[in-house]
Number of protein chains: 2
Amino acid sequence: MAVSTVYTVQSLNSTCSISTPSKPFSQKHILFFTTTKRALTRSCRQISCSAEDKTVVIGLAADSGCGKSTFMRRLTSVFGGAAEPPRGGNPDSNTLISDTTTVICLDDYHSLDRTGRKEKGVTALDPKANDFDLMYEQVKALKDGAAVDKPIYNHVSGLLDPPELIKPPKILVIEGLHPMYDERVRHLLDFSIYLDISNEVKFAWKIQRDMAERGHSLESIKASIEARKPDFDAYIDPQKQYADAVIEVLPTQLIPDDNEGKVLRVRLIMKEGVKFFNPVYLFDEGSTIEWIPCGRKLTCSYPGIKFSYGPDTYYGHEVSVLEMDGQFDRLDELIYVESHLSNLSTKFYGEVTQQMLKHSDFPGSNNGTGLFQTIVGLKIRDLFEQIVVSRTAAALEAAKA
Amino acid sequence: MAVSTVYTVQSLNSTCSISTPSKPFSQKHILFFTTTKRALTRSCRQISCSAEDKTVVIGLAADSGCGKSTFMRRLTSVFGGAAEPPRGGNPDSNTLISDTTTVICLDDYHSLDRTGRKEKGVTALDPKANDFDLMYEQVKALKDGAAVDKPIYNHVSGLLDPPELIKPPKILVIEGLHPMYDERVRHLLDFSIYLDISNEVKFAWKIQRDMAERGHSLESIKASIEARKPDFDAYIDPQKQYADAVIEVLPTQLIPDDNEGKVLRVRLIMKEGVKFFNPVYLFDEGSTIEWIPCGRKLTCSYPGIKFSYGPDTYYGHEVSVLEMDGQFDRLDELIYVESHLSNLSTKFYGEVTQQMLKHSDFPGSNNGTGLFQTIVGLKIRDLFEQIVVSRTAAALEAAKA
């Protein structure tokens, strides 16, 4: 399964620092990407990386064309600052870097390029077309505070381009088809999200994009979806059982027999008992609620808006599910909805609404996809901050002892 | 329609007092029940009844055997003190008197006794069997602060007994078949309630009482209900359009095809825009909500509990509807439900639960009938207090001028 990949030996700037919190300074160190996991880990420990500097790793799984990039833009926005590709690097880089977060695309761990996949008759969804050993080694290295030279899969040419340098960020997001597929990689994740777009919606979206915008025929779109389905069902879909949060995108139930896929029913499925993650709730934690906010205070046009909330089980796990069906007429009225949600991990009253208004041009801003992506972004910021606090406290304890 | 009724001329103690708030004292005055409305009113004004002493009048309409007496016991309990029949009076009196409230039964205004009704072929539901002129005169007199000599309809003998003295209380509740039937009486009401028991539930209750407890046959029960129905539909049911609050009692929707009538779905329909009455709401005023409180915090056995809340229209009026389907397993857990209801007009946290626990032996204490009767009791107390405050303020204004 492991196929030759491009990696180099380089001298890098790492964010690892000597653990004297008052005088942190950067420390050059050399990373050998051919070293074993143990050696990589040791390289960081030897120079006393402070625990609180350890990278927090988030996994985001979804099929391609399912809004991962919008999600990532919402996430990085929560932390402030814009996300950009590495400066002066490959213009076709899939990486997005902001002050706090680095988002890497797991397509970069394709072990087979487009031609290679064609020759072997495998899709990009097939684990055989991906190098999980390298994915694991590099994510582990970044988590431990060491920089890596990550390959680039060029989506334009379909080729594997020379690698780019990725320094360990505060938060590393690995997004793509398989962040939870490999058990070793999965165990590196501090939090994991699965974007679950139902077949009906996926189909409607593809029609919109490939037929209306790219002139493909309905038959060819159907055929392409059908061709991907077996591998998707075998390798991608099963990952959702491991996710701490799942965003499910379904057709609306407010319009009988709707198949336009424009009005969406979106469900945020939040696993209970995840450390540093307290599920959002509506009105009353742990009970079951349906709420139509339209009425005397919020005016909605057809088909209105309906929220649901309640406990459930998902792949044997206890979860809380928050659902929004329908769409907002006026985004500034979202504050009314926001004020009735609890455990949002906002830093000030109205932060969700502010974030949504800031990016009102992003797809899904008037429905549950945008709302729940924003909320998950806030929960990740909160999780990150809790992890840092907890590590600092542990480090202080250790220093005292 | 007006038939001969029993009334006497008596010298009475009235609660009317000279309007010097620091030194109120009782004032004897004579009431002539044959006087006109104008004369009765003047009799009170002449001795300067203070406005805040004016009796607040509440109307409660319902068919017989529909829980009016339980409701009245819950209502008087809210004001503190027990309600008892007039001391030393007719043991078959229908009146209940407590410190604050006097509840009179409108059956006392039957103009035809049982034999008379049989002879004329009319039911007690028929306006022809009731003296609305006297009802109006006496309720008006009591409202204006004058005592009356009210007839007594003896439910045991079916005869009209000699009258009993009713002094003007702080709150007068007129309960029975026709409190909102006569327009003049209706306009005397400061607040009106209609207990609306659905035919299915009424039937189940009659079966329980008349078949199980009194040995009647199913056929005779059906026949008796059918016989009452035309008059009920013609004269009683239409009153609900005038009610400020309606308590609707329906079969549960939690058990498919239930016809036992044991688990109830109860709806509290509250008219909007009624002075001194702010409808209760669940979570978010004016929106539409369904809430199943059973879950992580409240354990419910089958079939559980479901609350609903939302705006609606009722006979062309804008209303808010609060609904409870199902029943409580443990009444002390009601505090959990109470804490999520707003505008309850309680005087302290948990007062609804305390009232319900105090009378846990009353029928309907584990379901919406008891809960909503208690809530309506609290709303009436609040309405009464607001009226008193408003009248006192008006009196002070008038004194200043």
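Within every chain, numbering begins at 1; the chains are lettered A, B, ... in the order of the sequence lines, protein sequences first and strands thereafter. If you're wondering where the values come from, they're calculated on a predicted model, not measured in any experiment. Heavy-atom basis, side chains included; hydrogens, waters and symmetry copies ignored.
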Interface residues of residues 281-293 of chain B facing chain A - heavy atom cut-off under 4.5 Å
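Hits under 4.5 Å: F283(B), D284(B), E285(B), G286(B), S287(B), T288(B), I289(B), E290(B), W291(B), I292(B), P293(B).
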Between F307(B) and chain A, which part of the residue has a heavy atom less than 4.5 Å away: side chain, backbone, both or neither?
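Contact with chain A is absent: no heavy atom of F307(B) under 4.5 Å.
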Could you tell me whether E351(A) and K358(A) make a salt bridge, using a distance below 4.0 angstrom between a side-chain N and a carboxylate O?
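The answer is no: the pair does not qualify as a salt bridge.
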Just checking, R73(A) and F362(A): is the charged tip under 6.0 Å from the six-membered ring centre and within 45° of the axis?
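Yes, R73(A) sits over the ring of F362(A).
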For the atom pair CE (M180(B)) and CG (L188(B)), what is the distance rounded to the nearest 0.5 Å?
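Between atom CE of M180(B) and atom CG of L188(B) there are 13.5 Å.
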Kindly indicate, with the supporting measurements, whether the criterion side chain to side chain contact (heavy atoms under 4.5 Å, CB included) is fulfilled by W205(B) and V249(B).
CA-CA 11 Å; W205(B) 284 359; V249(B) 184; 4.3 Å; yes
Mind jotting down which residue pairs meet the salt bridge (Lys or Arg N to Asp or Glu O under 4.0 Å) criterion with at least one end in residues 239-251 of chain A? Sequence neighbours excluded, please.
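Non-adjacent pairs meeting salt bridge (Lys or Arg N to Asp or Glu O under 4.0 Å): D196(A)-K240(A), D237(A)-K240(A), E248(A)-R267(A).
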Determine the minimum heavy-atom distance between L344(B) and L378(B), stating which atoms define it.
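Reported closest heavy-atom pair: O-CB, 3.6 Å.
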